[in-house]
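Written below as C-alpha cells is the structure these notes are about.
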Amino acid sequence: MTQKIKKIAILTGGGDCPGLNAVIRAVTRTAILEYGYEVIGYRYGYRGLYNNDFIPLTIDAVSGILHRGGTILYSSNKDNLFDYAVEENGVMIKKDVSDVAVENLKKENVDALIVIGGDGTLTSARDFSRKGVNVIGVPKTIDNDLVGTDVTFGFNTAIDVATEALDRLHTTAESHHRIMLLEVMGRNAGWIALESGIAGSADVILVPEIPYNINKIVEQIKDRQSKGRVFSIIVVAEGAKPLDGEVVVNKVVEDSPDPIRLGGIANKLAHDLEKLIKGNEIRSTVLGHTQRGGNTSTYDRILSTRYGVAAVELISEGRFGNMVCLKGNNISEISLEDVIGNIKNVDPECELVKVARKIGISLGD
Ligand code: F6P
C-alpha cells in the first residue's frame with residue numbers, strides 16, 4: 001500500500017548549477033498546489049540534514065527565483081555523511097553519521113527526501129535509499145556527465161556562456177590576428193567543450209576523451225593561415241591532455257571527497273604552441289565559474305521545472321529510489337542503483353564528434 005505523504009524535504013548538494021532554484025520552485029509549487037504536502041528545505045546540502053538546519057518552503061519563499069542561478073538552500077561539496085569529519089575527544093576523525101540524518105528526518109516527520117545533485121551527492125542519495133529513506137534524485141551538473149539521463153540541468157546554461165565567450169573571442173582574435181584558447185569546465189568529460197565549440201565555431205576542440213597531438217593542432221592553424229584565415233580559435237576542456245602527457249591539476253581540495261580540481265591546460269598549451277608557431281600571438285582565457293553563475297537559460301528553466309514536477313509525482317506514486325531523467329524529449333525515471341559508479345563521457349565515435357570533423361573542426365588527433 002502506498003504510504004500517505006504529508007511532508008517532503010529538499011536538499012541541494014555538490015557544486016552549484018543554474019537551474020537549482022527552478023527545481024526547488026517547481027517541487028515546492030507542485031507539492032503544495034497539486035498534492036497539499038508541507039515542504040522544507042535543508043540548508044548547505046547534507047550538512048543541514050546532519051545539523052537539522054532547515055527552512056520552510058512556501059509559495060512565497062520560492063517566489064522570484066525561477067531565473068536565478070545558485071541555490072536559495074546553499075550547497076556544500078564536502079559533506080559526505082557516510083564519511084563525515086567530526087571531533088571526538090579533541091581529535092578530528094571521519095565516521096559514518098548517516099543514522100543522525102535518518103533520525104532527524106523521522107523527528108521532523110519527513111516522509112520523502114528530494115536530493116538534487118551530481119555524482120557525489122546522488123551516491124549518498126542511493127546510500128540513504130538503501131537505508132530505507134524514501135529518496136528521489138534530480139540530476140544536476142554543468143558537466144552533463146551523469147549516466148542515466150540524456151541531459152542534466154545546468155549544462156545548457158554553461159554551453160550558452162561558453163558559446164558567447166567564443167563569439168567574443170572571435171572578434172578580438174580577428175582584429176589582432178591572434179590564436180585564442182578558451183578553457184572550459186567539465187571535469188573529465190568533454191561535453192561543454194564539444195557543444196560550445198561547435199556552436200561557437202571553434203577551429204580546434206580538445207576533449208579529455210581524445211588525447212591531442214600538438215602537431216595536429218599546428219597543422220590545423222597553418223592550414224587556415226595558408227587559406228588567408230589570419231586567426232584561430234581553440235576550445236579546450238579543463239580535463240584535456242596531450243597523447244603523451246597528463247591532465248593539469250589546478251588545486252587539491254583536501255577536505256573534499258573528490259579533491260582534484262582541474263585547470264591550467266589552456267596556459268600550458270599556449271606556452272607549448274608558442275614554440276611551434278611564429279608570427280601570431282597566442283592568448284588564453286579561462287572561463288571558470290562564470291559557466292555556473294548568473295541567470296539560468298530558458299532551456300534549463302524548463303528542464304528543471306519538468307524535473308521538479310516529475311520528482312513530486314514519483315513521490316505521490318511511492319516510486320522511491322529513483323532519479324528523474326530525460327530520455328529523448330520525455331521525462332522518465334531510472335533507479336539510483338543504475339546511475340552511480342560511472343560517468344558519461346563523450347564517445348569519440350559519436351555523431352557530434354563526427355559532425356565536428358565533417359565541418360573541418362580539428363579534434364587535435
Ligand atoms: O562539476 C562541476 C564543476 O564546475 C566542474 O566542471 C569543475 O571541474 C568543478 O565543478 C569545479 O569545482 P569547484 O567549484 O569546487 O572549484
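Please read these numbers as outputs of a predicted model, since none were measured by experiment. All ligand and atom numbering here is 1-based and tracks the order in the structure. In this chain, numbering begins with 1 at the start of the sequence shown. What you see below is based on every heavy atom in this structure, not just the backbone, and it leaves out hydrogens, waters and symmetry mates.
Counted by atom type alone, N144 and E195 present zero donor-acceptor pairs between their side chains at under 3.5 Å. Under 3.5 Å, the side chains of N52 and E108 contain a donor-acceptor pair of N or O atoms. Side-chain contact check for S332 and N330: no donor-acceptor pair (N or O, by modelled atom type) lies under 3.5 Å.
For G186, a nitrogen or oxygen atom sits less than 3.5 Å from a nitrogen or oxygen atom of ligand 1, counting backbone and side chain alike.
In this structure, atom 10 (O) of ligand 1 lies nearest to the protein heavy atom R292 NH1, 3.2 Å. Of the protein's heavy atoms, D143 OD2, 3.3 Å lies nearest to atom 2 (C) of ligand 1. For atom 16 (O) of ligand 1, the closest non-hydrogen atom on the protein side is H289 NE2, 3.1 Å. Among all protein heavy atoms, the one lying closest to atom 15 (O) of ligand 1 is R261 NE, 2.7 Å.
Ligand-side atoms of ligand 1 in range of N77: 15 (O), range being under 4.0 angstrom from any heavy atom. Distances below 4.0 Å separate heavy atoms of E238 from the following atoms of ligand 1: 5 (C), 6 (O), 7 (C), 8 (O).
Here the options are R224, K222, K216, the test is salt bridge (charged side-chain N to carboxylate O under 4.0 Å, His left out), and the partner is D203; only R224 passes.
Contact annotation for L262 and ligand 1: no heavy atom of the residue comes within less than 4.0 Å of the ligand.
Between D119 and T141, the closest side-chain pair of non-hydrogen atoms is not below 4.5 Å. Side chains of Y35 and I5 form no contact here, defined as non-hydrogen atoms less than 4.5 Å apart.
Not a single heavy atom of G15 sits less than 4.0 Å from an atom of ligand 1.
Between the side chain of R319 and the main chain of L314, no donor-acceptor pair closer than 3.5 Å is present.
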